[in-house]
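To start, the structure under review is shown below, and the notes come after it.
Proteins get letters first, then strands, A, B, ... in listed order; numbering begins at 1 in each. On a predicted model such as this, the values are computed, not experimentally measured, just so you know.
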There are 2 protein chains.
Amino acid sequence: MEVPRKIPTIQDVARHAKVSAATVSRVLSNPERVSEATRARVHEAVRLTGYTINQAARTLRMQRAKTILMALPGIGNPFYSTVLEAAMQVATARGYGLLVTGRLGDDPARWLRDYYVSNRADGLLLFDGTLVTQTLHGIADDARQMPLVASYDDVPDPRINSVVTDNLEAAARAVAHLAEYGHTKIGHVNVRNESDLTKPHQRFSGFVQEMRRRGLEIREDWIQPGDYSMADGRRAAAAYAAMKERPTAIFTANDEMAIGLLAGFREHGIECPRDVSIIGFDDITVAKNYFPALTTMSQPRVELGRVATEALINLLEGNAGDGDPVHIVLPSELVVRQSTQRLAGG
Amino acid sequence: MEVPRKIPTIQDVARHAKVSAATVSRVLSNPERVSEATRARVHEAVRLTGYTINQAARTLRMQRAKTILMALPGIGNPFYSTVLEAAMQVATARGYGLLVTGRLGDDPARWLRDYYVSNRADGLLLFDGTLVTQTLHGIADDARQMPLVASYDDVPDPRINSVVTDNLEAAARAVAHLAEYGHTKIGHVNVRNESDLTKPHQRFSGFVQEMRRRGLEIREDWIQPGDYSMADGRRAAAAYAAMKERPTAIFTANDEMAIGLLAGFREHGIECPRDVSIIGFDDITVAKNYFPALTTMSQPRVELGRVATEALINLLEGNAGDGDPVHIVLPSELVVRQSTQRLAGG
DNA sequence: ATGAAAGCGCTAACAA
DNA sequence: TTGTTAGCGCTTTCAT
């Protein structure tokens with residue numbers, strides 16, 4: 001019956017090595033300030049005691065948690081899980097822990113900022129585009145500013161650091177691809193609600209922009225609402241199927257809606273790409289394994305997670321805050337597969 | 001030019017309310033031990049100062065971080081992202097933060113345990129089945145035990161708390177489904193490596209068990225290796241395609257491999273379900289939207305995340321450790337869709 | 001190069 | 001019911 005040993009503290013190590021706690025601390029963070037002999041003794045003592053630094057104490061003392069907070073709109077989305085994985089790798093490599101949160105309550109800004117004020121996280125990786133700029137500034141513009149990097153589909157406030165993909169351009173290219181294939185009757189599936197009227201999604205704007213540029217008619221009824229889920233893709237399919245006249249090509253704001261749309265169409269006897277061309281957005285893993293393989297705008301989501309996390313940590317460790325905001329735009333790429341086809345006789 | 005206010009501490013609140021810090025602390029954690037009048041004054045002071053408790057200080061003092069650590073084998077996997085989301089919701093609701101980690105380095109047990117020893121997390125949600133039981137015990141059986149709940153495909157050490165699905169049974173039912181459809185030539189795709197020889201995956205065992213029970217031949221070459229990725233599903237497809245004699249039905253250990261397998265087969269002109277029936281495992285979102293819609297064993301992954309997290313927090317808050325280990329088994333469910341078919345003339 | 005001492009912000013034991 | 005005091009484990013002046 002073993003007596004549970006106490007978790008060793010820096011004092012225990014000091015005693016073992018016959019030095020002061022201050023010296024142990026130095027060995028651990030500024031080894032060059034300690035003589036080689038002492039250093040060796042301390043390391044040995046660390047090994048012997050199995051000492052691990054107490055982060056809570058260190059955080060309290062240093063006012064830095066060595067932890068970053070990642071706010072996600074819905075982790076269930078495979079898109080974000082890849083981003084999360086990339087972020088985690090970078091964070092770990094640089095000695096940071098990664099807290100995740102999603103449920104933001106009725107005061108999202110406060111919810112997030114409390115992590116900072118309460119000394120649980122040093123900075124924020126914001127992947128949740130539902131927070132409007134105003135709210136965002138509630139986080140960043142406070143006296144006790146929380147360092148943050150935003151990364152989502154909309155173009156964030158220029159005062160806020162951001163790492164994004166060129167959503168507007170990419171959406172325009174998606175439409176251009178359809179147009180180049182001879183399609184003129186083009187539909188779109190995207191989020192549509194009041195907040196969007198004042199601040200439309202970049203992918204929506206890209207769609208509108210390219211349609212206008214090419215002089216193509218934008219038909220209201222061909223723009224179907226979708227919250228980025230497969231279920232909403234199916235719903236859109238039902239809506240299109242019920243129409244007398246349908247678009248010959250549809251651009252969905254993400255791959256999951258494209259898949260739902262395809263699946264839904266199939267149930268209505270509408271075949272892709274025979275009857276309709278569909279282009280998605282994101283290039284999630286399943287896109288190339290779907291049938292038909294999905295044409296899509298590929299997003300560098302590993303890069304997104306990696307770069308955003310690196311930017312944040314640099315911010316935290318560099319001369320924080322006194323530089324200009326960081327704005328990084330990563331390129332998307334058109335990946336043509338089987339779900340789009342030249343319009344027959346077009 | 002606003003001078004950045006200092007983050008208010010409990011002392012600031014105390015000063016405002018003209019009470020001692022201890023009283024403020026009491027109001028925040030044991031309100032009933034404080035008179036109503038004082039309580040009101042303190043609350044007002046909290047509001048005025050915008051006070052938020054300093055978690056680092058509290059953690060140091062109480063030796064509890066109010067944070068749980070979730071170890072995932074690969075968050076990229078959409079299966080786990082759903083579990084993660086469920087876990088996060090429960091954790092948040094019960095006042096816990098959720099740290100995630102994946103990169104476990106060369107000493108995974110130590111890596112995970114250090115979170116505990118260093119006072120960063122109070123307990124561990126272990127979703128990574130690659131840690132063998134021995135290693136696990138390195139985490140749990142230490143003098144400084146880290147409370148943990150394991151949840152993955154293999155049946156964990158009985159001394160360890162676990163929340164799992166009935167993988168072995170479910171796998172057997174998957175095979176039974178194929179057999180009932182008249183298939184006798186049944187293949188399987190699953191992880192295969194040395195560690196599996198000593199400790200085969202439950203889904204593998206379930207396959208073997210049901211095949212034996214029905215007196216069906218288990219052909220080594222029909223058991224293809226797969227690391228649960230779509231890419232490995234494709235690889236398996238290539239392997240099967242190259243065979244002179246192929247199975248008429250295949251059970252893959254997860255849906256992603258099933259999708260990869262289907263996509264791969266299609267490229268070789270092998271159609272599902274016409275030429276081969278395929279049953280997956282997990283029922284990821286895309287399964288029902290795939291073409292053909294995937295027959296699969298549905299796993300209650302939201303439940304899994306929820307129940308495991310609840311079990312862990314109960315453990316942390318209850319009379320921890322002195323009870324028997326918790327073992328919860330959640331049921332899987334057969335979902336028949338289009339990717340399996342009765343064997344023609346069978 | 002090393003040690004002594006103070007203090008980060010909180011809670012809990014004890015006193016009043 | 002409330003206040004005083006000590007101390008969680010660490011880092012960091014300031015001495016030596």
Mind calculating the distance between CG (Asp12(B)) and C1' (dG9(C)) to the nearest angstrom? 10 Å

Let me know, please, whether Leu60(B) or Arg26(B) comes out on the 5' side of the other along DNA chain C by nearest nucleotide. Leu60(B)

Give the rounded distance in Å between these two atoms: NZ of Lys66(A) and P of dT11(D). 12 Å

Arg113(B) and Met146(B): which non-hydrogen atoms are nearest, and at how many Å? CA-SD, 4.1 Å

Work out how much the helix from dA1(C)-dT16(D) to dA16(C)-dT1(D) bends between its end axes, five pairs an end, to the nearest 10 degrees. 40°

So if I take every side-chain heavy atom of Val34(A) and compare against dG9(C), dG3(D), dT2(C), which nucleotide ends up nearest? dT2(C)

Using a cut-off of less than 4.0 Å, is there contact between a side-chain N or O of Thr38(A) and OP1 or OP2 of dT2(C)? yes

Heavy atoms only: give me the nearest Val42(A)-Val13(A) pair and the separation to one decimal. O-CG1, 4.2 Å

Check whether any side-chain N or O of Thr59(A) sits under 3.5 Å from a backbone N or O of Gln55(A) as a donor-acceptor pair, and report yes or no. yes

Donor-acceptor pair (no angle test) under 3.5 Å: Arg61(A) side chain, dG9(C) base: no

Between dT12(D), dC10(D), dC8(C), which one does the side chain of Gln63(A) approach most closely? dC8(C)

Output the rounded distance in Å from CZ (Arg58(A)) to C1' (dG7(C)). 17 Å

Between CG of Asn54(B) and C1' of dC8(C) the distance, given in whole Å, is 8 Å

Contact class for Ser29(B) vs. all strands (heavy atom < 4.0 Å): base, sugar-phosphate, or nothing? nothing

State which of dT2(D), dC10(D), dG9(C) makes the closest approach to the side chain of Thr9(B). dG9(C)

Ser25(A) side chain near dC10(D) phosphate (N/O to OP1/OP2, under 4.0 Å): no

Would you say Thr23(A) places a side-chain N or O within less than 4.0 Å of OP1 or OP2 belonging to dA1(C)? no

Could you tell me whether the phosphate oxygens of dC10(C), OP1 or OP2, come under 4.0 Å of any side-chain nitrogen or oxygen in Gln55(B)? no

Please state how far atom CD1 in Ile7(A) lies from atom P in dG9(D), giving the value in whole angstrom units. 9 Å

Starting at atom CD of Gln11(B), determine the distance to atom C1' of dT4(D), rounded to an integer number of angstrom. 12 Å

For dT2(C), does OP1 or OP2 lie under 4.0 Å from any side-chain N or O of Arg33(A)? no

What integer distance in Å separates Arg41(A):CZ from dA1(C):P? 15 Å

How long is the line joining CE of Met62(A) and P of dC8(D), in whole Å? 21 Å

Mapping Arg39(B) and Ala56(A) to their closest nucleotides on DNA chain D, which lands nearer the 5' end? Arg39(B)

